[in-house]
Visitor: 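So that we are looking at the same thing, I have put the structure below in structure tokens.
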Amino acid sequence: MTFKYQPETLAVRAGQQRSQFNEHSEALYLTSSYVFDSAAQAAARFSGEDSGNVYSRFTNPTVSVFQQRLAALEGGEECVATASGMSAILSLVMALCSAGDHIVASTGLFGATQQLLGNIMSRFGIQTTFVSQTEVDAWDAAIRPETRLFFLETPSNPLTQIADIAALVAVARARGILVAVDNCFCTPILQRPLDLGADLVVHSATKFLDGQGRVLGGAVVGAKALTDEVFKFLRTAGPTLSAFNAWVLTKGLETLKIRLEAQSAKALELATWLEAHPKVARVYYPGLASHPQFELASRQQKSGGAIVAFEVKGARQEAWRVVDSCRLLSITANLGDTKTTLTHPATTTHGRITPEQRAAAGITEGLLRIAVGLEAVVDLQNDLDAGLALI
Ligand SMILES: *Cc1c(COP(=O)(O)O)cnc(C)c1O
């Protein structure tokens, strides 16, 4: 199916297997275990000779539809679904790295990913060196004989810095290092890291794949030889995606392309408006010509995406004034929803790192992040304008 159909067709069709009832919409199989026809079949299922279902910690037909559909969209051979984005990253590292291995990762990673790699995995003998997202030479310089994995996320949150996936793959390939890309912000609709040579894609399906802020989920996509290792960890350790969440996410994938394209178009319009606003000091959006990596972003992504960050003229007090005056935008740290959200990173998502680390990461007190949803841009502008007028 992967080669024959366009993404929007795959999004509504890929992976579906109809039951004996020939349902049109994907069925939801809420069952923890499966019945065998005979003792011999049970034995064959447990030994792996027969690939049928045994227990939903291992496989479930509803989860399998989501996995096949996302694999088709990312252009990957296989997908392993997980309970959350963080459990996808945990499973990937646990499956593919061992004590003594080393990881190179970007400084701009999602906060929990930084904690997991920097503070938790290090207790188990897996060390991580964090380097700048945008400096390919720094990744090369950080390589050690025991480096096993490059882990990156592009665009970064919240400043939308772009990592050059193809360039980092070239560095990693030459040294036999795996490359994993967190593709949460772009989704396969705007960026396909596997096409650029990455070995694995990870997702927080909680964000744009669900797209309506309902459930948590995650996934690892890539060549079967690698995802098989992730699956072996998952079926034993158990951070499995629930059937219900898989069903919600499968239906989320059906509208992913129209949502992402609409949200990205609205984000560009809003970013353009913010850039011209007298109370705004700076806008960070990969779809604007003023973005320092506009050319790379235009090459690597189909559009700028739905995340816009901007600095108000002022500091915390001024930024909070804008947040507190909003009547439409939701004050929440989540993103990827149909409802537009507004976040003050310095006191929320990036509140626990030191002021020095924040300064080094470019997260100022005047910075705000918007995850654009599906409302009319004029309504978002009016809401923000009322707050900006108070500065
Ligand atoms: C939210 C997020 C995660 C973690 O996903 P959960 O589903 O919340 O566990 C990982 N990476 C990025 C880029 C995210 O935005």
Side-chain angles (χ1 to χ4, degrees), residues 63 66 70 74 79-94 103 105-118 120-121 128 130 133 149-163 165 180-191 193 198 200-221 230 234 237-242 244-246 248-249 252-253 256 260 263 267 284 286 301 305-309 332-337 341-343 345 348-350 352 361 363 369-373:
V63 174
F66 170 67
L70 183 58
E74 285 287 2
C79 167
V80 177
T82 57
S84 66
M86 287 321 300
S87 56
I89 298 167
L90 172 71
S91 302
L92 184 155
V93 174
M94 292 298 274
I103 298 171
S106 44
T107 42
L109 288 181
F110 183 67
T113 312
Q114 285 184 48
Q115 293 291 328
L116 177 71
L117 298 179
I120 298 180
M121 298 319 296
T128 299
F130 293 97
Q133 172 93 333
L149 178 71
F150 277 8
F151 191 95
L152 52 129
E153 185 187 309
T154 180
S156 71
N157 177 21
L159 295 178
T160 71
Q161 288 185 330
I162 312 291
I165 300 173
V181 180
D182 183 332
N183 202 24
C184 179
F185 273 30
C186 277
T187 84
I189 300 304
L190 303 185
Q191 167 174 285
L200 293 152
V201 162
V202 300
H203 272 287
S204 168
T206 316
K207 311 293 168 51
F208 292 101
L209 303 192
D210 173 10
Q212 288 147 86
R214 299 165 296 187
V215 300
L216 276 91
V220 182
V221 188
V230 177
L234 185 97
T240 312
L241 181 64
S242 77
F244 179 76
N245 287 8
V248 171
L249 293 169
L253 286 181
L256 179 63
L260 244 288
Q263 284 168 273
Y284 300 85
Q301 305 176 194
I307 311 295
V308 180
T332 167
N334 198 23
L335 59 96
D337 203 317
T341 66
L342 180 64
T343 313
T348 59
T349 52
H350 294 69
R352 273 180 299 178
I363 317 275
R369 187 199 71 190
I370 303 177
V372 180

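Throughout, numbering of the chain's residues begins at 1 and tracks the sequence. Both counts, for ligands and for their atoms, begin at 1 and track the order of listing.
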Visitor: Can you see which heavy atom on L152 is nearest to which on I165, and at what distance?
Guide: CD1-CG1, 4.2 Å
Visitor: Considering only the protein, which heavy-atom contact is closest to atom 5 (O) of ligand 1, and what is its distance?
Guide: S204 OG, 2.9 Å
Visitor: Side-chain contact test, heavy atoms from C-beta onward, threshold under 4.5 Å: evaluate it for N183 versus P188 and give yes or no.
Guide: yes
Visitor: Considering non-hydrogen atoms only, spot the tightest contact between F66 and A205 and give its length.
Guide: CZ-CB, 4.2 Å
Visitor: In ligand 1, which numbered atoms sit nearer than 4.0 Å to a non-hydrogen atom of E153?
Guide: 13 (C)
Visitor: Please tell me if the side chains of D210 and N245 come closer than 4.5 Å, counting only heavy atoms from C-beta onward.
Guide: no
Visitor: So which protein heavy atom does atom 2 (C) of ligand 1 come closest to, and at what separation?
Guide: K207 NZ, 2.4 Å
Visitor: Considering A371, P155, G85 one by one, which has a heavy atom nearer to atom 6 (P) of ligand 1 than any of the others?
Guide: G85
Visitor: Tell me the protein heavy atom at minimum distance from atom 4 (C) of ligand 1, and give that distance in Å.
Guide: F110 CE2, 3.4 Å
Visitor: At what distance is the nearest protein heavy atom to atom 9 (O) of ligand 1, and which residue and atom is it?
Guide: M86 N, 2.9 Å
Visitor: Quick test of your reading of the structure: of T206, V202, N183, whose heavy atom lies closest to atom 7 (O) of ligand 1?
Guide: T206
Visitor: Give me the atom names and distance for the closest heavy-atom approach of Q191 to E74.
Guide: O-OE1, 4.2 Å
Visitor: Quick check: closest heavy atoms across L241 and G217, and the distance to 0.1 Å?
Guide: CD1-CA, 3.8 Å
Visitor: Contact between F151 and T128 at the side-chain level, heavy atoms closer than 4.5 Å - yes or no?
Guide: no
Visitor: Would you check whether G217 reaches within less than 4.0 Å of ligand 1, judged by its heavy atoms?
Guide: yes
Visitor: In this structure, does ligand 1 have an atom that sits under 4.0 Å from one of the heavy atoms of D182?
Guide: yes
